[in-house]
There are 2 protein chains.
Amino acid sequence: MTSPIAPESDGDARRRPPGMTDVARLAGVSQKTVSRVVNNERYVSEELREKVLRAAAELGFRPNTAARALITGRFKRIGVVSLGSALYGPASMLVALERATRAAGLSFMVANTPEGQPEAVQESVDWLLAQGVDGIILSEPKDEGQHLRPDAGVPIVSLGQAADLPAEHVALARGRTAASCREAVEHLLDLGHRQVWHIAAPQDWWEGRERLEGWAQAHRARGIEPPPPLQGDWTPAGGYAAGRLLPPEATAVFCANDDTAIGLARALHEAGRRVPADVSLVGFDDIPAAAYLTPPLTTVQQDFEGDATHALEHLLRLLPGAAPREATPAAPRRRLVVRASTAPPLTE
Amino acid sequence: MTSPIAPESDGDARRRPPGMTDVARLAGVSQKTVSRVVNNERYVSEELREKVLRAAAELGFRPNTAARALITGRFKRIGVVSLGSALYGPASMLVALERATRAAGLSFMVANTPEGQPEAVQESVDWLLAQGVDGIILSEPKDEGQHLRPDAGVPIVSLGQAADLPAEHVALARGRTAASCREAVEHLLDLGHRQVWHIAAPQDWWEGRERLEGWAQAHRARGIEPPPPLQGDWTPAGGYAAGRLLPPEATAVFCANDDTAIGLARALHEAGRRVPADVSLVGFDDIPAAAYLTPPLTTVQQDFEGDATHALEHLLRLLPGAAPREATPAAPRRRLVVRASTAPPLTE
DNA sequence: AACGGGTCTGACTACGCTGTCAGGCGCAAC
DNA sequence: GTTGCGCCTGACAGCGTAGTCAGACCCGTT
C-alpha cells in the first residue's frame, strides 16, 4: 500500500494455492510427472518421485479435487439423505455411515430433509446432485422417498422401503426389523402375558410400520388378536401421552423405541403402576441410558455399524466400475437384551 | 448385448450429463449466455432467458459444481470437524450446523475424528481441505484442536477453546458454559445444600473443564470449598460408576450432563437413597428424556440452533468477500429448567 | 450527423488436472 | 545390427464453467 500506483503488488495479493505446475517447476519435471506421483501411477523413477514429493511438501501442495472431478466425472463422494434429527437411531446411523464412507476413501455429504414438506426427499436428492455426488443413500426413514424422479443419473439405495426404487436398490432386507420386534414380543408372551400392547411410531415411517408389523405378527402366529395399537411419535412425550391412555388390564407393552418407553414408564409411575410387577416394558434401540433406567430396560440392540457398512457396500456395487465384490460378510444382527423391565405377569 | 462385437454402441453408452454447451445449442444461443441465465446475471433479454430456461429444463441440466469451483476457486462449502458420536449434544450441534449452513446456501461436510488419536483433529482438517472447503468449524469439543498447523489457507473457527487459533477465531464466548453451570449449582446452594458434588466430564474436553469450572466458581463465590470432583465420562455408565463412589453425606450433585445423571440416579437407587429427598440432582443438556425420568430432571437447556447460527455467521465474516454483516442478533441463551430432581436437603 | 452511454450478446481464454499419445532409453531376442 | 518390448517422461488436448473483452444495437443528446 506504499505505492498506490503499483499494480497488484506481490505482497498481500491473494495468492492462489500451489498447483501441480508449481510443483513441477520446483522439481524440474513436467506437470504430468507430478500428476503421476500424486496418483501413485506406475513408471516413475524413484529419483523423480522423491524429488516431486519433496517439492510438493515444500509448497504445501494439495491436489485440487474440483479439477480432478471435472475431468474424471467422478466426485468420490456419496450423499446421504437423512431426517434432521438428533434422535439416537438416525444420529447413530449417520455416524456409522460417515465412518464407513471415509474408510472406503470416499467423502460424505449429508442433506437433512426439512420437516413436514412433502417433496422434502426429492429436494434433498436434488441438492446432493447439485453438489455433485456419485451415489446416494436414503437414510430417510419416512415414506416421502417413495416418489423420486427416476432421472437422478446416479445410483440411489434406500435403507428401507421406497416403492419407486428397483428392488436391488433396497440395501437392507425388508422384514428384518419386523423379525426383531417379533422376537421381542414373543419374549413377553413367553413370560406368560396374554397379550402385548404397542405404542407405535408414526405410521408414515416405514421403520415405524415394520415395528408395528412385527408386533402384530407375533400375536397372529399364536392365534392371538393384538390389542389396538396406541399412537406414539418416537419421543418420551409421545410415550407419556400414549401411556395415559393405556387400559388398566394391560400387563405388557412393546414400545417402538426406548424413548417412548421412558415416557410410558413415567406415565405408569404417575398412575401408581409398577414396572415390571404390574406392567412389563420392552423398548427398541438400546440407547446408552437403557441399562441405567430404573428398572433397566429390556430392549433390542441395533447394529448401526453393520447396517451402514452393508448399505454402503450395496451402493458401491452399483457404482460404475465397481470391482466385483465378494458376498457381504454377514448380515448385520440385532439382538434382544433382556433386563429387569420384563417379568411374568402377577398371578392374582 | 445383442451384438458382442459392436464397439461402444450408442444405446447404453454412459453418456455424460448435459452441460451449458448442450443447453446453448438447443436454445440457439452461446454458452456464455446460458451461464448468464443460470447465474442470474444482468443484461439478458427476457426472451432469451426463457428460451434458455426451457432448454435447460428439457435437458435436465444441472450446473457442474466442479467446473465452477475450478474457475472461481470457491467451493461454497464449509467443513465441520466433529467427534464421531451419537451423544445428544454433539449430534444436536451437527444437525443445527447443517441446517444453518444450508440456509446460508452453502453445502456442508463432516469429518469425524477417529477416537483416541492424538493428531485426529489435524487429520480431519487435512481431509476437509483435501475435499475442498472454504472454511472450517471445529465442533470438536476436545483439546486436540489446540495444535493445528497454521497453514490451512482457509479460516477456521472453533466452538470452544483452541489455544492455537487467534482469538477472533473462537466463535462462542468463553465462560458461557461456566456461567450456566454456576447458575445450576447456585440453584442447589440456594435450596440450602451445604455443598454440591460434581460428576465431571473428561477434563481433556474443554467443555468438560468449563462445566467443572463453573461448578467450582459457584462454591468459591460463597466462600465454600468444593468437594473433590468425581470422574465421569459423559455416559450413563460413567455416572453410575462415579455414583457408587459418592460419599453418604452428599446431598446434592451437579452432573456434567444428563446421561451422567441417569447413571448416578441408578446408583443412588441401588443404594437405597431417594431423589430428591436424600440427594438432589442437576444435569446438563435437557435431553428429550429428561422431563420424563422419575423424578423429572432439573437441567440446563442448551440452544444448539443459536450456537450453530452464531458460529456460522462468525465464520462467514472471516471469509474473503464477506459482506460486512450487522452485529449478531443475540447471543444464544441457555437456561436452567427446574424440575423435581432438586429439593431442599432433609432437615434432620 | 456524430457522439456517448447503457444494454445485450458471443468469441475467446483460463482454471488445474487427467487421458492419450508419441518418443527416448536400455536391454534381450533374433 | 536390427527388431521388439518394457520402462520412463513430457507435450498436448480437453473436461464445463466464468471472466474478459469486443462488438452490435438502441436510445437520447450534442
Side-chain angles (χ1 to χ4, degrees), chain A residues 7-8 14-53 55-56 59-77 129-132 134 153 320-321, chain B residues 8 14-53 55-56 59-77 129-132 134 153 321:
Chain A
E8 297 292 296
R14 176 162 208 77
R15 64 177 188 285
R16 58 177 175 70
M20 285 189 178
T21 315
D22 304 301
V23 176
R25 188 165 30 238
L26 179 58
V29 300
S30 77
Q31 175 264 323
K32 178 64 198 182
T33 297
V34 176
S35 168
R36 273 193 268 263
V37 171
V38 167
N39 294 313
N40 277 316
E41 289 178 22
R42 298 192 314 172
Y43 303 146
V44 181
S45 65
E46 200 49 41
E47 183 198 349
L48 282 196
R49 180 181 302 276
E50 282 185 15
K51 243 200 290 192
V52 167
L53 288 178
L59 294 178
F61 167 75
R62 260 190 282 271
N64 183 320
T65 47
R68 181 177 292 175
L70 175 58
I71 192 165
T72 62
R74 306 276 165 72
F75 296 91
K76 303 209 72 169
R77 182 186 308 148
L129 291 174
Q131 301 307 316
D134 300 323
Chain B
E8 297 294 295
R14 177 159 210 80
R15 65 177 187 283
R16 58 176 176 70
M20 285 189 178
T21 316
D22 303 302
V23 176
R25 188 167 28 239
L26 180 57
V29 299
S30 76
Q31 173 266 319
K32 179 63 200 184
T33 296
V34 176
S35 169
R36 274 193 267 262
V37 171
V38 168
N39 293 314
N40 276 314
E41 288 178 24
R42 297 192 314 173
Y43 302 146
V44 183
S45 64
E46 200 50 41
E47 182 198 351
L48 283 196
R49 179 180 305 277
E50 282 184 14
K51 244 202 286 191
V52 167
L53 288 178
L59 293 178
F61 168 75
R62 260 189 285 270
N64 183 321
T65 47
R68 181 176 291 176
L70 175 59
I71 193 164
T72 61
R74 305 279 166 72
F75 296 91
K76 304 206 73 169
R77 182 185 311 149
L129 291 173
Q131 302 305 318
D134 300 324

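Atom set for the values below is all heavy atoms of this structure, side chains included, hydrogens, waters and symmetry mates excluded. Note on naming: letters A, B, ... go to the chains in the order of the sequence lines (proteins, then strands), and numbering restarts at 1 for each one.
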message = What is the distance, to the nearest angstrom, from the CE atom on Met20(A) to the P atom on dC15(C)?
response = 15 Å
ask   = Quick one: bend of the helix from dA1(C)-dT30(D) to dC30(C)-dG1(D) from 5 pairs per end, to 10°?
value = 60°
key: Atom pair CG (Leu48(B)) and CG (Leu53(B)), whose distance is rounded to the nearest 0.5 Å   = 10.5 Å
task = Give a yes/no on whether any side-chain N or O of Arg36(B) is located under 4.0 angstrom from OP1 or OP2 of dT17(D).
result = no
ask   = More 5' along DNA chain C: Val29(B) or Ala67(B), using each one's nearest nucleotide?
value = Val29(B)
request  = Report yes if at least one side-chain N or O of Asn64(B) is closer than 4.0 Å to OP1 or OP2 of dC15(D); otherwise report no.
outcome  = no
request  = Specify the separation, in whole Å, of atom CD of Glu47(A) and atom C1' of dT9(D).
outcome  = 12 Å
message = Please determine whether any donor N or O and acceptor N or O are separated by less than 3.5 Å between the side chain of Gln31(B) and the base of dA11(C).
response = no
request  = Could you state the atom-to-atom distance from CD of Glu41(A) to P of dG19(C) in whole Å?
outcome  = 7 Å
inquiry  = Are Phe75(B) and Thr65(B) packed together at the side-chain level, in the sense that at least one heavy-atom pair is separated by less than 4.5 angstrom?
reply    = no
request  = Report yes if the side chains of Val38(A) and Arg68(A) come closer than 4.5 Å at any heavy-atom pair, otherwise no.
outcome  = yes
query = In whole Å, what is the span from the CZ atom of Phe61(B) to the P atom of dG16(D)?
reply = 10 Å
key: Minimum side-chain heavy-atom gap Arg16(B)-Asp22(B) below 4.5 Å   = yes
Closest-nucleotide ordering on DNA chain C, the 5'-leading residue of Ser30(B) and Leu70(B) = Ser30(B)
task = Quickly work out the Glu46(B) CD to dT9(C) P distance and round it to whole Å.
result = 10 Å
ask   = Quick one: the side chain of Arg62(B) and the base of dG16(D), do they pair up donor-acceptor inside 3.5 Å?
value = no
query = Does a nitrogen or oxygen in the side chain of Ser35(A) sit under 4.0 Å from OP1 or OP2 of dT18(C)?
reply = yes
ask   = To the nearest angstrom, how far is Asn39(A) atom CG from dG16(C) atom P?
value = 17 Å
message = Does Arg42(A) contact dG6(D) through a side-chain donor or acceptor facing the base, at a distance under 3.5 Å?
response = no
query = Within the pair Thr33(B) and dG10(C), is there a side-chain N or O less than 4.0 Å away from OP1 or OP2?
reply = yes
key: Any donor-acceptor pair under 3.5 Å from Asp134(A) side chain to Arg74(A) backbone   = no
note = Of the candidates dT17(D), dT9(D), dG14(D), the side chain of Ile71(A) sits closest to dG14(D)
query = Picking from dT17(D), dC15(D), dC8(D), which would you name as closest to the side chain of Ser45(A)?
reply = dC8(D)
query = OP1 or OP2 of dC8(C) less than 4.0 angstrom from a side-chain nitrogen or oxygen of Tyr43(B), does that happen here?
reply = no
request  = Can you tell me the distance, in whole Å, between the CG atom of Leu48(B) and the P atom of dC25(D)?
outcome  = 15 Å
task = Report yes if a side-chain nitrogen or oxygen of Arg68(A) is closer than 4.0 Å to either non-bridging phosphate oxygen (OP1 or OP2) of dC17(C); otherwise report no.
result = no
message = Over all strands shown, is Val38(A) touching base, sugar-phosphate only, or nothing at heavy-atom distances under 4.0 angstrom?
response = nothing
request  = State the CG-OG1 distance between Leu26(A) and Thr21(A), to the nearest 0.5 angstrom.
outcome  = 12.5 Å
task = Quick one: pull up CE in Met20(A) and CZ in Phe61(A) and give me the separation to the nearest 0.5 Å.
result = 4.0 Å
query = Are Val52(B) and Arg49(B) close enough that some pair of their side-chain heavy atoms sits under 4.5 Å apart?
reply = no
message = Measuring from the side chain of Lys32(B) (C-beta onward, heavy atoms only), which nucleotide among dT20(D), dC15(D), dG16(D) has the closest atom?
response = dT20(D)
Rounded distance in Å - NZ (Lys76(B)) to C1' (dA18(D)) = 14 Å
